[in-house]
Amino acid sequence: MPLYEYQAYNSQGKTVTGIIDAPSRNVAYARVREQGLYPASVHEERGESAGDRTSAENLAFSLIQLATLIRAGVPLTQSIDSLVGQLPDRTLQRAFSRVRVRIQEGTSFATALGELRVFGPLLPRLVAAGESVGTLDTLLEEYAHFIERTQEFRNKVTGAMIYPCVILTACVGLVIFMLVHVVPTLTRIYAGFKVQLPLPTRIVLGFGSLLMKGGLILIVVAVLAALAWYRGVPAITKSRILLGIPFVGQIHLWTQIARWARTVALLHRGGVPLVRVLVSAREVVESALLSSELEAVEKKVERGESLASALRAIPLVPPLVAQMAETGEKSGELEN
């Protein structure tokens with residue numbers, strides 16, 4: 001059944017917006033009137049688009065609010081209704097309105113969340129586990145804190161990379177300035193000496209002249225090379241090259257492993273079976289090379305091998321990760 005987005009006024013004259021399901025626009029208009037509202041506009045809902053984004057902070061705050069309402073004993077659809085009325089974020093308002101309509105149509109909460117990209121791939125799996133064991137409110141709060149910790153970690157990594165990037169940019173700018181402004185002067189000076197210059201000097205002078213005369217061509221070549229890299233190079237090859245860069249590759253690898261470990265802990269604590277946990281956690285890994293090796297871990301665990309021994313077979317995973325996994329499996333506290 002199609003969804004219709006409406007803007008209406010209540011008896012106090014305040015503006016009310018929402019989404020309602022109806023077989024036609026006229027029926028949607030009538031259903032809005034049945035709620036005691038005075039509709040100003042009713043049009044078919046456009047659905048989720050690629051531009052629908054929300055901040056991690058807004059999503060975490062909305063989930064904490066929803067968990068609080070559910071814990072207080074408010075039915076799920078009423079909790080979502082109350083939440084939609086409080087959210088300042090337009091994208092989340094629309095998303096939770098769609099979820100509420102799908103639930104009213106008989107769809108499970110987890111399935112309704114899974115239909116929308118704004119909630120990500122992990123939340124629906126966690127909600128499905130929470131619905132089955134009756135800990136939905138707790139798991140919603142866990143996921144909200146998980147989002148906050150992930151965002152905090154991302155901010156720390158970004159902050160740590162700012163200084164090296166600024167230094168690198170300054171160095172590149174200085175080299176370009178010297179090649180464009182200093183090298184031509186040196187070229188004129190050395191031309192009057194009429195002597196054979198050393199090879200390194202000739203290379204620098206030649207590159208400076210090339211940059212002066214063919215700078216536009218170099219820019220076009222650089223753009224074409226970037227496009228070829230983006231579209232033509234396999235993801236695993238790009239990942240292998242990135243991980244091979246000193247310092248940057250190591251930071252990238254540690255970031256990916258930390259994200260994977262936090263996701264495993266969250267889902268395992270929520271009661272999701274370990275094999276499904278590993279499959280879901282691999283979806284948050286951006287490195288294609290690490291992702292392919294973690295897929296091998298899933299298959300080994302599915303065949304009955306311990307997680308620790310499967311992780312030890314991966315050269316990319318630091319030994320400490322496998323050691324901690326072994327400790328967690330022996331003590332029954334893997335998520336910790």
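All of these numbers come straight from a predicted model, not from anything done at the bench.
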Student: Salt-bridge test for Arg71 and Glu141: reply yes if a basic N is under 4.0 Å from a carboxylate O, no otherwise.
Tutor: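 Salt bridge present between Arg71 and Glu141.
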Student: Counting only heavy atoms not in Phe61, do more than 12 fall under 6.0 Å of its CZ?
Tutor: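 Result for CZ/Phe61: open.
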Student: Between Glu329 (side chain) and Leu307 (backbone), is there a donor-acceptor pair under 3.5 Å?
Tutor: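 Yes.
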Student: Is it true that atom CZ of Arg259 has more than 12 heavy atoms of other residues, nucleotides or ligands lying nearer than 6.0 Å?
Tutor: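 Counting neighbours around CZ of Arg259, more than 12 heavy atoms of other residues, nucleotides or ligands fall under 6.0 Å, so yes.
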Student: Here's one to test your reading of the geometry: is the NZ or CZ of Arg269 within 45 degrees of the ring axis of Phe146 and under 6.0 Å from its centre?
Tutor: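 No cation-pi geometry.
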Student: What is the distance from atom CG of Leu63 to atom CD of Glu148, rounded to the nearest 0.5 Å?
Tutor: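 Rounded to the nearest 0.5 Å, the CG-CD separation comes out at 9.5 Å.
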Student: For the pair Thr107 (side chain) and Ile103 (backbone), establish whether a donor and an acceptor sit closer than 3.5 Å, ignoring hydrogens and angles.
Tutor: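 No; zero donor-acceptor contacts below 3.5 Å.
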Student: Spell out, as yes or no, whether a donor-acceptor pair under 3.5 Å connects the side chain of Gln256 to the backbone of Val285.
Tutor: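 Looks like no, no N/O pair under 3.5 Å.
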Student: Would Glu152 and Arg149 pass as an ion pair if we require N to O under 4.0 Å?
Tutor: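 Here Glu152 does not pair with Arg149 in a salt bridge, since their nearest N and O are not under 4.0 Å apart.
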Student: For Glu302 versus Val275, what's the shortest heavy-atom pair and its separation?
Tutor: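 So the two residues come closest at CA-CG2, 4.0 Å.
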Student: Taking Ser280 for the side chain and Leu122 for the main chain, is one N or O donor matched with an acceptor at less than 3.5 Å?
Tutor: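 No; judged by distance alone, with no hydrogens or angles, the pair does not exist.
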Student: Does Tyr9 have more than 12 heavy atoms from other residues, nucleotides or ligands lying within 6.0 Å of its OH?
Tutor: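 It does not: Tyr9 OH has 12 such atoms or fewer within range.
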